Every structure is written in structure tokens, then in C-alpha cells.
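Written out below as C-alpha cells is the structure these notes cover.
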Amino acid sequence: MDLLHSNGVLIIQHLQKDYRSYQSFLNFMSHVGDPRNIFSIYFPLWFQLNRVVGTKMIWVAVIGDWFNLIFKWILFGHRPYWWVQETMIYPNQTSPCLEQFPITCETGPGSPSGHAMGSSCVWYIMVSAALSYTVRQKDKTAINLHRLTWSFLWSVFWIIQISVCVSRVFIATHFPHQVILGVIAGMLVAEAFEYAPAIQTASLKTYIQTNVFLFVSALGLYLVLKLIDIDLLWSVPKAKKWCANPEWINIDTTPFAGLVRNLGALFGLGLSINSDMFVISCKGKHGYKPSFRMLCIATSLATLQLYDFIKIPTHTEYLFYILSFCKSAAIPLTVVALVPYCIHLLMKQIEKKLQ
């Protein structure tokens with residue numbers, strides 16, 4: 001493993017030296033791979049275009065991130081920016097110098113990469129969904145179009161995944177093998193949900209039971225290993241010790257923060273998709289109109305950008321987790337129920353005036 005890490009450090013040094021001029025682009029691609037974009041950008045867009053895809057996207061993101069957390073806890077993967085400071089494999093105590101950035105100092109274990117896993121699973125779903133529209137016709141022209149579209153979309157998929165992976169390695173937050181593992185794991189999770197149609201008709205009870213299972217299993221693993229003196233939060237003090245700037249340490253990157261955020265999103269989806277507002281608006285006569293869907297997309301995306309201005313206090317960790325859960329639950333509630341219902345009422349009032 002030390003040999004794998006040391007070779008990874010050489011790759012990071014090469015990237016930081018020879019690709020310095022691409023720093024802005026690589027930092028941008030790291031943000032593109034941020035799993036939080038699934039809830040604030042991709043989900044609002046796809047849910048109104050195709051509710052089956054939008055619902056699947058949330059499930060894949062949540063279950064995928066849960067698996068990511070479990071793998072991180074089992075694999076005990078180091079991150080480059082602290083590993084080079086503590087390893088003893090370099091002679092004369094001359095450890096390589098790796099540059100750090102404001103988004104480098106993540107506090108959880110490094111393997112597999114959550115950004116790479118989240119990006120690959122959501123883009124896998126989007127590409128698969130887009131290709132499904134080109135296979136409905138069986139004539140020769142349609143088949144040729146499908147092949148051309150298939151080649152183009154999967155090329156875009158791999159360009160994005162490679163860019164996200166390179167960006168995560170460039171900022172010294174992951175080793176190359178960690179991002180590769182993340183991409184493969186994300187694709188496997190997304191492919192598995194191609195064979196899980198039951199999520200489309202899941203009741204609120206099913207959503208709650210799934211939330212409880214994910215939380216209890218993760219917390220149970222943490223407590224059991226803690227009883228045998230295995231600290232699953234071992235990476236947090238390392239991040240705080242070796243981060244170049246203490247202000248770059250963010251509680252939002254801790255293992256439990258991601259779990260709480262995802263559980264909130266899944267609960268919010270279950271609550272909203274089983275609500276009367278969703279049935280009245282999205283399943284009513286307006287719900288199938290292109291104008292209604294476009295308005296919902298635009299309004300949802302604009303509204304969710306305002307959520308970024310809501311800063312959750314971090315001075316109390318448990319309060320942060322509770323408020324983070326609530327904020328995450330509000331996102332699907334806004335996209336699935338509140339915004340469509342308000343637009344439904346607006347369109348209803350306009351139709352009355354025109355009569």
C-alpha cells in the first residue's frame with residue numbers, strides 16, 4: 001500500500017507542476033463532482049422532465065453515499081495531504097511538498113472517493129435515461145441515431161469522470177486508486193437500481209423504514225467498532241493537524257454530515273411524493289403540460305440557489321446535524337411539492353381569468 005501511495009504522490013506532484021495553468025478548470029470540475037449538486041441541480045432538472053429518473057437519482061445518490069461511507073470506514077484510506085506528513089518511507093525525513101487548496105482539507109477517510117462515486121452514479125443514470133429515448137424506434141435511421149448518440153453521450157460521460165478524478169488528485173485530496181475505485185463503485189450502484197422498480201411506488205412508510213435502517217446500520221457499525229477500540233473518526237484529527245489553513249476545515253465534510261444530509265433528502269422525497277400537493281399538481285391536468293414543467297424547473301433551480309444563503313451554525317455538532325437534516329429534507333419538498341403546487345394554483349387562477 002505504501003508503494004501505491006508513493007506512486008500516487010508522484011502523480012500528484014506531476015499534476016501540480018505541469019498542469020498548474022489548468023488549476024481553475026480542475027477546481028471547477030471538483031465542484032462539478034460534488035455530491036450535493038445531485039440534490040440542488042440534477043434532481044430539480046430531471047424530476048420534472050422524467051419523474052422516474054428523478055426519483056431514481058435520489059435513491060442512487062443516498063444508497064451510493066451510504067455504501068461510500070461504509071467502504072471508507074472499512075478501508076481506512078488515507079488522504080495524500082496528510083499521508084505525506086506522517087509516512088516513514090521517505091529517507092532523511094524529507095517528505096514531498098504537496099500544495100493544498102481551500103477544498104483540499106476534507107476530514108473523512110479517502111477511499112473510495114465520494115466525489116468520483118457520486119459523479120459517476122448520477123451521470124450514469126442521466127446517460128442511460130437519455131439513451132432510452134433513442135431506442136424506441138426500430139427503423140434503420142433510428143438505430144444509426146442511437147449508435148451515434150450512444151457514442152457521444154458515453155464519451156461525454158468519461159470526459160467528465162476523468163476530469164473529476166484528475167481534479168480530486170490535483171488538489172491532493174485523493175490518491176489515483178481512490179478515484180478509480182469511486183467511479184467503478186458509483187457505476188455499479190447505478191446499474192443495480194436499473195433492476196429496482198419498486199422505488200417508484202414506495203410508500204412513506206418504506207422511505208421511513210429505509211432511513212431508519214441506513215442510520216441504525218451506520219451508527220451500529222460505528223459503535224460496535226468503537227467498543228473494540230477502533231475509532232472510525234480517526235481521520236478528523238489528522239485533517240485538522242495537517243491542513244495548511246484551519247479555516248479550510250469544514251464540519252460538512254465529516255462522515256456523519258454526509259449521512260445526515262442524504263437521509264434528510266430521502267425523507268423529504270418520501271414525504272413530498274406521497275403528499276396531496278404532489279398528487280394535485282404533478283399528477284393533475286397541469287402536470288403533463290410542457291409549460292408547467294419548464295416553470296417548475298426554472299423556479300425550483302432559482303429557489304434552491306437561495307438555500308445556499310442559509311448558513312447552518314457549526315458551534316454545536318448535534319444541532320448542525322439536525323438542521324442539516326431539515327435543510328436537506330426541504331430540497332425535495334420544494335422541488336416535488338411546494339413549487340409545483342404554487343405554480344398549479346397560479347395557472348389555475350390565470351385560466352379562471354381567461355374564461
Side-chain angles (χ1 to χ4, degrees), residues 1-2 4-5 8 33-36 38 59-83 85-87 103-121 165 168-169 172-190 192 210-243 249-266 317-318 320-322 324-325 328:
M1 185 59 73
D2 282 342
L4 194 62
H5 285 161
D34 193 329
R36 286 171 289 194
I38 299 173
W59 276 89
V60 168
V62 172
I63 301 300
D65 208 62
W66 179 84
F67 273 116
N68 184 263
L69 174 64
I70 301 301
F71 283 139
K72 283 180 184 293
W73 280 349
I74 293 174
L75 297 178
F76 287 85
H78 290 272
R79 293 186 185 270
Y81 76 91
W82 76 57
W83 181 83
Q85 304 291 342
E86 298 188 344
T87 182
I103 56 176
T104 295
C105 301
E106 297 200 5
T107 58
S111 186
S113 167
H115 279 65
M117 191 168 174
S119 175
S120 65
C121 75
C165 290
R168 302 300 289 172
V169 174
T173 199
H174 284 295
F175 290 103
H177 69 278
Q178 295 173 344
V179 293
I180 293 172
L181 181 59
V183 170
I184 295 173
M187 293 174 64
L188 289 175
V189 172
T210 303
N211 257 18
V212 171
F213 170 77
L214 296 178
F215 179 74
V216 170
S217 58
L219 183 62
L221 176 62
Y222 171 78
L223 293 176
V224 167
L225 293 181
K226 190 173 183 179
L227 287 175
I228 57 176
D229 292 328
I230 298 178
D231 183 13
L232 294 181
L233 300 181
W234 60 272
S235 60
V236 178
K238 289 183 181 292
K240 291 180 178 179
K241 181 179 180 180
W242 297 114
C243 185
I249 297 290
N250 192 340
I251 190 175
D252 199 31
T253 66
T254 58
F256 278 112
L259 176 65
V260 170
R261 183 173 59 245
N262 288 311
L263 294 182
L266 187 63
E317 192 169 353
Y318 292 112
F320 172 83
Y321 290 146
I322 294 172
S324 181
F325 178 91
S328 298

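Please read all numbers here as calculations on a predicted model, not as lab measurements. Throughout, residue positions are numbered sequentially from 1 according to the sequence presented.
When all heavy atoms of Gly186 and Ser120 are compared, the pair lying nearest together is CA-OG, 3.3 Å. The two residues Val179 and His174 come nearest to each other via the heavy atoms CG1-CB, 3.8 Å. The two atoms that bring Phe67 and Met117 nearest to each other are CB-CE, 4.2 Å, heavy atoms only. Listed here is the closest heavy atom pair of Glu106 and Trp82: O-CZ3, 4.0 Å. Ala218 approaches Leu259 most closely through the heavy-atom pair CB-CD2, 3.7 Å.
Residues Ser111 and Leu181 are in side-chain contact: their nearest non-hydrogen atoms beyond the backbone lie under 4.5 Å apart. Within the 4.5 Å cutoff, the side chain of Trp242 has heavy atoms near those of the Glu86 side chain. Using a 4.5 Å heavy-atom threshold, the side chains of His115 and Pro35 count as touching. Taking the side chain as every heavy atom from C-beta outward, Leu233 and Tyr222 approach each other to under 4.5 Å. Within the 4.5 Å cutoff, the side chain of Val62 has no heavy atoms near those of the Thr210 side chain. At least one side-chain heavy atom of Asp252 sits less than 4.5 Å from a side-chain heavy atom of Phe320. By the 4.5 Å heavy-atom criterion applied to side chains, Gln85 and Lys238 are not counted as neighbours. Contact annotation: the side chain of Leu214 approaches that of Leu263 to within less than 4.5 Å [non-hydrogen atoms, C-beta and beyond].
In this model, a donor atom of one side chain and an acceptor atom of the other lie less than 3.5 Å apart for Thr107 and Thr253.
Remark: the backbone N or O of Pro109 is paired with a side-chain donor or acceptor of Arg79 at under 3.5 angstrom.
Evaluation of the side chain to side chain contact (heavy atoms under 4.5 Å, CB included) rule for Ile230 yields Phe76, Leu225, Ile228, Leu232 as partners, not counting sequence neighbours. Shown here are the disulfide bond (SG atoms under 2.5 Å apart) partners of Cys105, two or more places apart in sequence or in another chain: Cys243.
Applying the side-chain hydrogen bond (donor to acceptor under 3.5 Å, both in side chains) rule to pairs touching residues 65-74 yields Asp65-Asn262, Trp66-Ser217, sequence neighbours excluded.
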